[in-house]
Engineer: 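Take this structure first; my questions come after.
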Protein chains: 2
Amino acid sequence: MNARGETPLSRYVQILETVAAARTGLTLTEIGQQLDLRAPTVHRLAGSLKAIDLLAQIEGSKSYVLGRRLQLLLHSTLSLTDYSHLAKVILRELVDELGETVHLARLNGAVAESVLMVQPEGSNRAFVQPGRELPLHAAASGKAMLAFQSADFVDRYLAKPRARFTENTKVGKDEIRAELERVRTSGIAVCDNELDAGVLSYGHPVRVKGGYVLYSIGVTGLADRFRATPTEVVRAKLSHAAALLSKEFGSVE
Amino acid sequence: MNARGETPLSRYVQILETVAAARTGLTLTEIGQQLDLRAPTVHRLAGSLKAIDLLAQIEGSKSYVLGRRLQLLLHSTLSLTDYSHLAKVILRELVDELGETVHLARLNGAVAESVLMVQPEGSNRAFVQPGRELPLHAAASGKAMLAFQSADFVDRYLAKPRARFTENTKVGKDEIRAELERVRTSGIAVCDNELDAGVLSYGHPVRVKGGYVLYSIGVTGLADRFRATPTEVVRAKLSHAAALLSKEFGSVE
DNA sequence: TAATACAATTCCGAAAACAGGAAAACCGCC
DNA sequence: GGCGGTTTTCCTGTTTTCGGAATTGTATTA
């Protein structure tokens, strides 16, 4: 504890708070002015924060913004009930358009966690009730997130063995890498009988502030019926809803 | 950097992430097991995190959960636009009852930021349009938040010089501390010609999950007209609306 | 192109914080 | 009251931090 009653830790936090409060990225000098810290000090502290992904530096700029790891941590403070007002309206609209169950999934460690589900009138099959954890390699909403994580994250995920749920589940490393590539190029993740038998679902990433993919939307239906809807229709509608959610989560600055 | 490639900072973050990933609170022993840390080490690290509100201990339990400071950080990254529908409804009701402009302000670093404004029919004077930043010492909604922050926060705020806007603006440290005390005891913040000339406004805190004051409601009107409304009437109505908003923001679990 | 101003970075010794073994205190449970 | 485990205190060698001074980098202007 130094003269001002601060621990090293609390100064780190103050820097994060300062950056969070700013509308745009902040330079080292700006941070230093706000917190009354000398240039070398800010430089070192911000460097340490950046090294572990708590802060990030805007590409080709000197400005710092919050890092992916911090965003993840922050969003994990939201409880399941917190999402209702943020996102229910947007999901409801999707349900009305597609006639299938829609859910919002959140990246939580190495799994996708359903945080909100909206069902069409009359449906009673709970495909992905809030709280359910979905594997990143075998659920559409999971793939939609995994496909946009850092290479490092994907490597770590693939380093551990993955569960097989149906005969269609893709578990091989190369198989999954190819699948993720497909998600990135086509703009939509598909899960056809890979997790729950007889179920077809689509997933689309949702970006938060900083461009990180921390959420995804999933649409799930019985394969026999849902297959009738063209993939491109699903992609377009998911994409639109994702854009709205991104705005909600502060992705658009 | 120690043998395992960890800095002190990264161990703090690991602890936070471990706690975040757990569905329930974690005890020191559980954290230690997951991260392979000895008991005294976890004890000290968790203690430091708790000291600055990054971790919190469940009342009457040994389990640790994420602290409110992380929530504060999160809220400051949430999108400004489209603050929930219900919030708008609540503010609209206040406008109808009081006949004056109402806004919702959010604590953002060392300023209050208007994130939502609702005006009475026919009014065209934009007192506090969304995006406007209000000083914590010279706006009613600002005072309403400042009065309920930690002593540490207030000390840091008062350490820097404050701007004077009118001859009524209170800028002295003691003057402001007394004013904050008045807000706490009376339950309402008043700003009479202190920021904008000829304008009178009232502010009331809004608590989020964990009891932290991160938002406030402000009512603003021309002093000549608005002074006719008894303060107690304003306080009661603001208090009611604040309770509804608290529920909206997840203060009630 | 040189001159200027300021931001970012590197260096480094003194000072402070951290690490974790040992041991004591505390707790819930027979 | 005794027992097994968890939490807390104590303490010293080790590591990290702090920030002044000096250096390099980078726009902007003359």
Side-chain angles (χ1 to χ4, degrees), chain A residues 1-19 21-67 69-70, chain B residues 1-19 21-67 69 152 155-156 159-160:
Chain A
M1 188 105 76
N2 67 18
R4 266 189 289 175
E6 289 165 350
T7 60
L9 177 58
S10 74
R11 313 176 103 190
Y12 282 119
V13 179
Q14 281 178 29
I15 289 186
L16 294 177
E17 287 173 336
T18 304
V19 173
R23 221 164 252 294
T24 71
L26 290 181
T27 64
L28 291 178
T29 311
E30 289 167 328
I31 297 171
Q33 282 167 351
Q34 293 206 32
L35 297 175
D36 196 25
L37 296 172
R38 295 333 123 234
T41 307
V42 188
H43 178 256
R44 180 174 41 77
L45 296 177
S48 303
L49 290 171
K50 184 184 168 187
I52 59 173
D53 237 3
L54 254 33
L55 275 187
Q57 208 162 0
I58 297 176
E59 202 73 26
S61 152
K62 313 226 154 169
S63 293
Y64 287 79
V65 295
L66 298 188
R69 198 163 168 190
L70 183 64
Chain B
M1 186 106 72
N2 69 16
R4 266 190 290 173
E6 289 165 348
T7 60
L9 176 60
S10 75
R11 309 177 110 193
Y12 283 118
V13 178
Q14 282 178 26
I15 289 186
L16 292 177
E17 287 174 336
T18 304
V19 174
R23 258 159 209 295
T24 72
L26 289 181
T27 65
L28 291 179
T29 313
E30 290 168 327
I31 297 171
Q33 283 167 351
Q34 292 203 34
L35 297 176
D36 194 25
L37 296 173
R38 305 318 133 239
T41 307
V42 188
H43 178 258
R44 178 173 43 76
L45 296 177
S48 303
L49 289 171
K50 184 183 169 188
I52 58 170
D53 246 358
L54 252 30
L55 271 188
Q57 210 162 357
I58 298 175
E59 201 74 25
S61 154
K62 313 227 152 169
S63 292
Y64 287 81
V65 293
L66 294 185
R69 201 148 169 193
D152 184 61
D155 289 346
R156 246 183 302 137
K160 287 181 215 145

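Since the model is a prediction, treat every value here as computed from it, not as a measurement. Sequence lines set the chain letters: A, B, ... in the order given, protein chains first and strands last, and positions in each chain run from 1.
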Engineer: Output the single nucleotide from D:dT7, C:dT9, C:dG20 whose closest atom is nearest the side chain of A:A39.
Structural biologist: C:dT9
Engineer: Round to a whole Å and report the spacing from CD1 of B:I31 to C1' of D:dT6.
Structural biologist: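 Atom-to-atom, B:I31 to D:dT6, this comes out as 13 Å.
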Engineer: For A:G67, does its backbone N or O pair with a side-chain atom of A:K50 as donor and acceptor, under 3.5 Å?
Structural biologist: no
Engineer: How many Å lie between OH on A:Y64 and C1' on C:dT9, as a whole number?
Structural biologist: 10 Å
Engineer: What is the distance from atom CG of A:L35 to atom CD1 of A:I15, rounded to the nearest 0.5 Å?
Structural biologist: 6.5 Å
Engineer: Nearest 0.5 Å, what's the CG-CD distance between A:L28 and A:E30?
Structural biologist: 9.5 Å
Engineer: Rounded to the Å, how far apart are B:L35 CG and C:dG20 P?
Structural biologist: 12 Å
Engineer: Relative to the 5' end of DNA chain C, which residue comes earlier, A:L9 or A:T27, by the nucleotide with the nearest heavy atom?
Structural biologist: A:T27
Engineer: Among D:dC18, C:dT9, D:dT8, which nucleotide sits nearest the side chain of A:P8?
Structural biologist: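 So the side chain of A:P8 is nearest to D:dC18.
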Engineer: Taking C-beta and beyond as the side chain, do B:L9 and A:L49 meet within less than 4.5 Å on heavy atoms?
Structural biologist: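 Counting from C-beta outward, B:L9 and A:L49 do come under 4.5 Å.
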Engineer: Name the closest nucleotide to the B:P40 side chain, picking from C:dG21, D:dG19, C:dA19.
Structural biologist: C:dG21
Engineer: Roughly how many Å is it from NZ in B:K50 to C1' in D:dT7, rounded to a whole number?
Structural biologist: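 Rounding to the nearest Å, NZ of B:K50 and C1' of D:dT7 are 12 Å apart.
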Engineer: Of all the heavy-atom pairs spanning A:G25 and A:I58, show the shortest one and how long it is.
Structural biologist: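 Looking at all heavy atoms of both residues, the shortest contact is CA-CD1, 4.3 Å.
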Engineer: Does a nitrogen or oxygen in the side chain of A:H43 sit under 4.0 Å from OP1 or OP2 of C:dT9?
Structural biologist: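 Indeed, a polar side-chain atom of A:H43 lies that close.
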Engineer: Are any of B:T41's side-chain N or O atoms less than 4.0 Å away from OP1 or OP2 of C:dC18?
Structural biologist: no
Engineer: By nearest nucleotide on DNA chain D, pick out whichever of A:L45 and A:K62 is the more 5' one.
Structural biologist: A:L45
Engineer: May I ask you to verify if any side-chain N or O of B:R44 is less than 4.0 angstrom from the OP1 or OP2 atom of D:dT7?
Structural biologist: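 No, because none of the side-chain N or O atoms of B:R44 sits under 4.0 Å from OP1 or OP2 of D:dT7.
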Engineer: Over how many whole Å does the gap from B:L28 atom CG to C:dC26 atom P extend?
Structural biologist: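 Result: 17 Å.
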Engineer: Taking atom C1' of D:dT6 as reference, at what distance in whole Å does atom CG of B:L26 sit?
Structural biologist: 15 Å
Engineer: Would you please confirm or rule out a distance under 4.0 Å between OP1 or OP2 of D:dA21 and any side-chain N or O of A:R38?
Structural biologist: no
